[in-house]
Amino acid sequence: MLDPKVLRADPAAVAANLARRGFEFDAARFSAVDAERKSLQVEVEALRKQRNDSAKQIGIAKSRGDDAAPLLAAVKDLGESLDAASERLDAVQIELDDWLAGIPNILAADVPDGADEAANVEIRRWGAPRQFDFALADHVDVGERLGGLHFDAAAKISGARFAVLRGAVARLQRALVQFMLDMHTGEHGYEEVYVPFLVEPHALHGTGQLPKFAADLFRTDGDRELYLIPTAEVPVTNLVRDAILSSEDLPLRFVAHTPCFRSEAGSYGRDTRGLIRQHQFEKVELVQIVAPDHSSDALEALTGHAEAVLQRLELPYRVVALASGDVGFSAAKTYDLEVWLPGQAAYREISSCSNFTDFQARRMQARYREGGDKPALVHTLNGSGLAAGRTLVALLENYQQADGSVVIPDGLRDYVGGASVIRPPVE
RNA sequence: GGAGAGAUGGCUGAGUGGUCGAAAGCGCUCCCCUGCUAAGGGAGUAUACGUUAAUAGCGUAUCGAGGGUUCGAAUCCCUCUCUCUCCGCCA
């Protein structure tokens, strides 16, 4: 949610910024609706004051034993006009709120212009793609040869876009999760949290998935309106909902491992092979709650924390700054980490790190207080550190050997019982 | 799943229809006093929105949430949520 004060102060500037996303903000309509809201609010408050004053007079009269009848007669019709006015105010307020809830965040000044991901700007690369002297396989073939990846089994149980992992491959994914959690808690100063995987709509509204993106979510079918989390961002960021933190508590750094559930509506036909795009996947998520003037630096740091995982795993990757048309609804700025996948001969997204400035904080009413100052909104950030399923894909592809085995990178061996390689079962 | 109790400001806790945004205590801030990390005295101490140059005044709203009754609701009625206790069940 954008700051209504900013919208009022300079609607044209907001419109210009949002136009970079390809979002059309009707500044004139905003000014008109907001002006209507204002005049109705003034009217309602004046009527309420009149009513309050009268009620007070009646109370005083009655306590003195005076006749209150004339006073009562005087306010006879007040209720009706007040009801009518508040009804109109409520309607306008709801119209305004619904509209504001669907407006994306203001982009940071340094977000590159461009309509879509083709305009994303590469910031840096790390590592060099390995040269293979044999016919390389993609992660599906590598995983199936290892006996660790079963899409047919998953289809029998749950249909398309699910996977069953077995044996050493299942363990490898678990090892990746532990490894990432240990890095972030031990080296990067994050506190591990365990959170619900089912959340109520207000939590999704707080982080921006609702009301606009309901189609991307799985909703449970029960008396309670609950959704499967599409990312740990939702429950973890909402930890500070309705809170007034002390500035001494900031920054808060949380890391959580959760499964993520995405309906992938609208992505039929994309990445249908393999683990890249699933309805369910494991992810380690980094979340930071910071003071506003630190969020820009915090995004760089958080991105670095995610990069550190790829570096420790010795996986080549690049960092791209998302173009204005590709930045998500709630974010002001986003870096994607793209890992090299030999099977696709391409860099593919494995982490997305964003600064949401005060956009989510305003929706959640997450604030902090500096000394005796008035409470101010915090800034929120998050990033994958990393998506475990896609990291598994990257390992299988980058570390495959001619004989079908997969080498475990040094940094990960302690997490798989010291194993240095996963081999296919003997026929 | 069954039965009961409760939800008030940073905390404890009064308040069952009328100057209640809310007593008192604690905590916190400032000032005074005090020859020494004590005691005492005084003042202040919620949030949002509107108005405004103003984080000064003034107005409106908020006593778990939503609705209702009333000229007037923290107080009465209805619905919901959450917390606690006991029983049952379960990991």
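We use all heavy atoms of the structure for the numbers below, so side chains are in, but hydrogens, waters and symmetry mates are not. Source: prediction; values computed, not measured. Each chain gets a letter, A, B and so on, in the order the sequences are listed, and its residues count up from 1.
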Quick one: is [X] getting a side-chain N or O under 4.0 Å of the [N] phosphate, OP1 or OP2?
| X | N | answer |
| --- | --- | --- |
| A/R367 | B/A46 | no |
| A/K62 | B/C71 | no |
| A/N52 | B/U60 | yes |
| A/R51 | B/A73 | no |

Which of the following nucleotides, [options], is nearest to the side chain of [X]?
| X | options | value |
| --- | --- | --- |
| A/K49 | B/G18, B/G50, B/U60 | B/U60 |
| A/E45 | B/U60, B/U47, B/C71 | B/U60 |
| A/I58 | B/G59, B/U19, B/C71 | B/C71 |
| A/Q41 | B/A61, B/C71, B/G50 | B/G50 |
| A/V42 | B/G18, B/G50, B/A48 | B/G50 |

Exercise. Of A/R369 and A/K56, whose closest RNA chain B nucleotide lies nearer the 5' terminus?
Worked result: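 By nearest-heavy-atom nucleotide position, the 5'-most residue is A/K56.
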Exercise. Do A/Y317 and A/E307 get their side chains close enough for a donor-acceptor pair, meaning under 3.5 Å?
Worked result: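 A/E307 and A/Y317 do have a side-chain donor-acceptor pair below 3.5 Å.
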Exercise. Using a distance-only test with no angle check, is there a side-chain donor-acceptor pair under 3.5 angstrom linking A/N105 and A/S330?
Worked result: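 Not at all, the side chains of A/N105 and A/S330 share no donor-acceptor pair under 3.5 Å.
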Whom does [N] pair with, Watson-Crick or G-U wobble, provided both distances fall under 3.5 Å?
| N | result |
| --- | --- |
| B/A65 | B/U79 |
| B/U37 | none |
| B/U19 | none |

Give me the distance, rounded to whole Å, that separates [N] from [M] when you measure between the [atom1] atoms they each carry.
| N | M | atom1 | result |
| --- | --- | --- | --- |
| B/A5 | B/C90 | P | 28 Å |
| B/G66 | B/C87 | C1' | 32 Å |
| B/G72 | B/U19 | C1' | 12 Å |

For this session: Could you check whether A/K38 gets within reach of a base, just the sugar-phosphate, or nothing at all, counting any heavy atom under 4.0 Å?
Result: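 If one applies the 4.0 Å heavy-atom cut-off, A/K38 turns out to touch the sugar-phosphate alone, with no base involved.
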Exercise. So what does A/R8 touch, heavy atoms closer than 4.0 Å: a base, only the sugar-phosphate, or nothing?
Worked result: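 Touches sugar-phosphate only.
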For this session: State plainly whether the residues A/R348 and A/D271 are in salt-bridge range, i.e. N to O under 4.0 Å.
Result: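 Yes, this pair counts.
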Exercise. Between A/F261 and A/F218, does the ring centroid distance fall short of 6.0 Å?
Worked result: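 Centroid distance A/F261-A/F218: not below 6.0 Å, so no.
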Exercise. So, do A/F359 and A/F329 have ring centers that fall under 6.0 Å from each other?
Worked result: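 So the answer is yes for these two rings.
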